[in-house]
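Data first, discussion second: the structure below is written as structure tokens.
Throughout, a chain's letter reflects where its sequence line sits, starting with A, and its residues are numbered from 1. It should be emphasised that the depicted structure is a prediction, and the values quoted were computed from it without experimental measurement.
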Protein chains: 2
Amino acid sequence: MIETPYLLFLGDAPDMLAAKVAIGIRDWRPENAVGQLRLEGCGADLGLTDMTLAEARAAGAKTLVIGVANRGGVISKEWKKVLVTALEEGFDLAAGLHNLLRDEPDLVAVAEATGRALHDVRVPEVDYPIADGKKRRGKRCLPVGTDCSVGKMYTAMAMERDMHERGMKATFRATGQTGILITGDGVPLDAVIADFMAGSVEWLTPDNDEDHWDLIEGQGSLFHVSFSGVTMALIHGGQPDALILCHEPTRAHMRGLPEYTLPSLEDLRDTALPLARIANPACVVAGVSVNTQHMSEDEARAYLAEVEERMDLPATDPYRFGAARLVDALDAL
Amino acid sequence: MIETPYLLFLGDAPDMLAAKVAIGIRDWRPENAVGQLRLEGCGADLGLTDMTLAEARAAGAKTLVIGVANRGGVISKEWKKVLVTALEEGFDLAAGLHNLLRDEPDLVAVAEATGRALHDVRVPEVDYPIADGKKRRGKRCLPVGTDCSVGKMYTAMAMERDMHERGMKATFRATGQTGILITGDGVPLDAVIADFMAGSVEWLTPDNDEDHWDLIEGQGSLFHVSFSGVTMALIHGGQPDALILCHEPTRAHMRGLPEYTLPSLEDLRDTALPLARIANPACVVAGVSVNTQHMSEDEARAYLAEVEERMDLPATDPYRFGAARLVDALDAL
């Protein structure tokens with residue numbers, strides 16, 4: 001639906017956490033990213049070639065993807081100039097912001113005049129049902145986090161890649177803009193109307209072969225008061241057979257909530273598992289996924305060994321060290 | 001905003017549970033309900049005078065309120081004929097369904113032609129913020145249920161009435177169509193976009209006097225897989241100081257989910273309180289509210305005594321026996 005390859009727009013993202021969308025595309029569909037476009041003051045860098053719009057067009061880019069997710073999702077004035085120019089120079093635009101491209105009259109006017117497309121991947125395109133809670137065939141795995149942005153999507157992506165390499169049946173199920181931009185479909189869960197959240201997750205993870213695994217992209221955290229309701233709907237709509245606990249050990253406080261400290265992995269296990277068993281009494285915690293990007297390799301390995309011992313669960317950083325131990329755990333269920 | 005008094009439309013509601021909206025208006029603003037209008041096969045009866053549209057107009061009714069909440073919230077063809085006639089006979093219409101009055105071209109056309117108003121109280125009228133989790137001044141109480149439709153709104157309404165009779169500062173905060181139709185404002189929480197649910201509850205229960213209580217209307221249940229995400233957002237957005245556990249002891253299974261049994265009051269306490277303490281570490285469970293409508297008075301009193309003993313908490317049916325014991329518990333905090 002969205003024409004590839006992309007030029008990834010990083011705008012004035014203050015840091016790499018804000019560039020989650022672009023990083024996900026680079027890491028999971030690198031063939032789709034010809035370069036990056038950054039504004040003055042941008043604190044993010046994907047390690048891709050910095051390109052002007054004209055350079056990226058010459059390199060074959062067809063769509064400018066807004067690769068940053070700023071708080072509240074507003075399209076700033078600084079961005080607008082670039083977006084208008086991109087349309088004029090022949091790019092389609094794709095974004096997953098709350099502030100829709102289609103709600104900006106100037107973008108709509110230029111897109112119409114130039115015949116370009118505006119893709120708002122955050123907008124639900126389906127009338128989702130209310131969840132009925134009926135048990136579905138096939139298996140489902142859901143990563144849940146001690147916080148937002150701790151690596152839940154990467155965990156599911158890495159597990160899918162490993163499962164495919166083993167010839168297992170597995171499907172990554174996108175529930176956010178990054179996942180949808182990467183895979184081309186999914187449910188933009190944080191934009192779904194409250195009553196239909198769990199139903200949209202049921203719709204996304206339907207009956208399947210008994211030996212098929214859905215790897216569901218997680219959202220938010222039960223411990224993040226801004227978004228915990230979204231996480232709850234994933235746990236009950238997804239009726240997971242397996243949870244993966246996700247954690248980033250160097251985080252000083254909950255993302256965007258300076259007054260809130262992170263829970264322990266034990267807190268997360270003891271909170272998430274009983275809730276998951278409401279929808280699926282057979283659910284287990286299968287492993288721990290640790291985002292060790294801010295640790296040396298020695299620190300990371302020592303931390304993972306300590307977590308394994310403490311939690312009596314396989315623990316890995318699936319992005320850094322591979323997802324094999326987590327997939328082994330699912331395979332053994 | 002909505003002109004009173006009302007004629008309450010019960011349609012073809014299969015049972016009284018489906019007529020929750022109309023029952024709420026009758027019980028908490030009886031002066032606003034001149035009568036009821038029922039279609040053939042209607043299984044609900046408010047005990048109000050059955051009226052034709054013409055009779056209700058003659059009795060002074062200004063708005064026809066759709067007093068039933070059917071699963072999925074669709075306006076059926078059977079209803080449509082009555083609604084069109086009502087507009088033609090001079091009624092405004094008010095509803096809290098997912099299927100909006102304003103999305104029905106025939107209703108819009110007739111309303112425009114006759115100069116009548118269509119009130120969709122379910123539609124959010126505010127751009128709610130993302131929750132920031134900051135501690136707010138004043139006190140908040142949230143009823144949480146073992147299931148949907150067990151009496152959470154009645155509990156909050158009854159507590160507000162009792163607190164006002166004592167001269168305490170208290171405000172019922174509506175989070176659903178019934179509450180909004182009764183009080184005239186509130187947040188239609190189940191129609192809010194997922195990311196803004198908790199923020200809308202923060203917006204609804206702002207900073208207040210230290211001795212002021214918000215009595216927040218509950219929604220769904222942490223144990224109801226269709227709507228648990230909405231409940232979670234209320235618990236974290238409302239940052240309650242006190243939870244009231246709500247239960248209906250004769251329910252055979254979770255409402256609309258025949259495969260799911262109800263949790264115990266202990267399960268509810270042990271699940272809801274740790275989650276509430278994420279947002280407000282001082283939160284306590286203050287009491288138990290039991291919906292005893294399907295029990296004799298002797299049965300009800302025996303059950304309440306047993307619950308008090310077992311849970312070591314004040315227990316009452318606030319609708320049947322008054323909310324005084326629950327208000328005493330808040331007052332003692």
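Heavy atoms of B:Gln239 lying under 4.5 Å from chain A belong exclusively to its side chain. Within the 4.5 angstrom heavy-atom criterion, only side-chain atoms of B:Arg122, from C-beta onward, approach chain A. If you measure heavy-atom distances from B:Val230 to chain A, the contacts under 4.5 Å come from both the backbone and the side chain. Heavy atoms closer than 4.5 Å to chain A are found nowhere in B:Leu234, neither backbone nor side chain. Residue B:Tyr260 touches chain A through its side chain alone, counting heavy-atom pairs closer than 4.5 Å. Only the side chain of B:Thr271 comes within less than 4.5 Å of a heavy atom of chain A; its backbone N, CA, C and O stay farther away.
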| Evaluation steps, side-chain contact (heavy atoms from CB on, under 4.5 Å), between B:Glu259 and A:Lys135 | CA-CA 9 Å; B:Glu259 291 91 348; A:Lys135 179 72 184 152; over 6 Å; no
| request: Dump the intermediate steps for side-chain contact (heavy atoms from CB on, under 4.5 Å) on A:Val225 and B:Ile278, then the final yes or no. | output: CA-CA 8 Å; A:Val225 297; B:Ile278 292 170; 4.0 Å; yes
| Would A:Phe196 and B:Asp190 satisfy side-chain contact (heavy atoms from CB on, under 4.5 Å), going step by step from the backbone distance to the final call? | CA-CA 8 Å; A:Phe196 301 97; B:Asp190 53 10; over 6 Å; no
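Chain B forms more heavy-atom pairs under 4.5 Å with one residue of A:Leu222, A:Val201, A:Leu189 than with any other, namely A:Leu222. Of the residues considered (A:Gly133, A:Gly237, A:Pro129), A:Gly133 shows the highest number of contacts with chain B, using heavy-atom pairs under 4.5 Å. Interface summary for chain B: among A:Pro263, A:Gly229, A:Ala279, A:Ala191, the most heavy-atom pairs under 4.5 angstrom belong to A:Gly229.
More than 12 heavy atoms of other residues, nucleotides or ligands lie within 6.0 Å of CG in A:Asp103, so this atom counts as buried by the packing criterion.
The distance from atom CE of B:Met197 to atom CE of A:Met197, rounded to the nearest 0.5 Å, is 3.5 Å. With rounding to the nearest 0.5 angstrom, the CZ atom of A:Phe227 is 14.0 Å from the CE atom of B:Met232.
When atom types are taken as modelled, the side chain of B:Ser226 and the backbone of A:Asp132 share no donor-acceptor pair closer than 3.5 angstrom.
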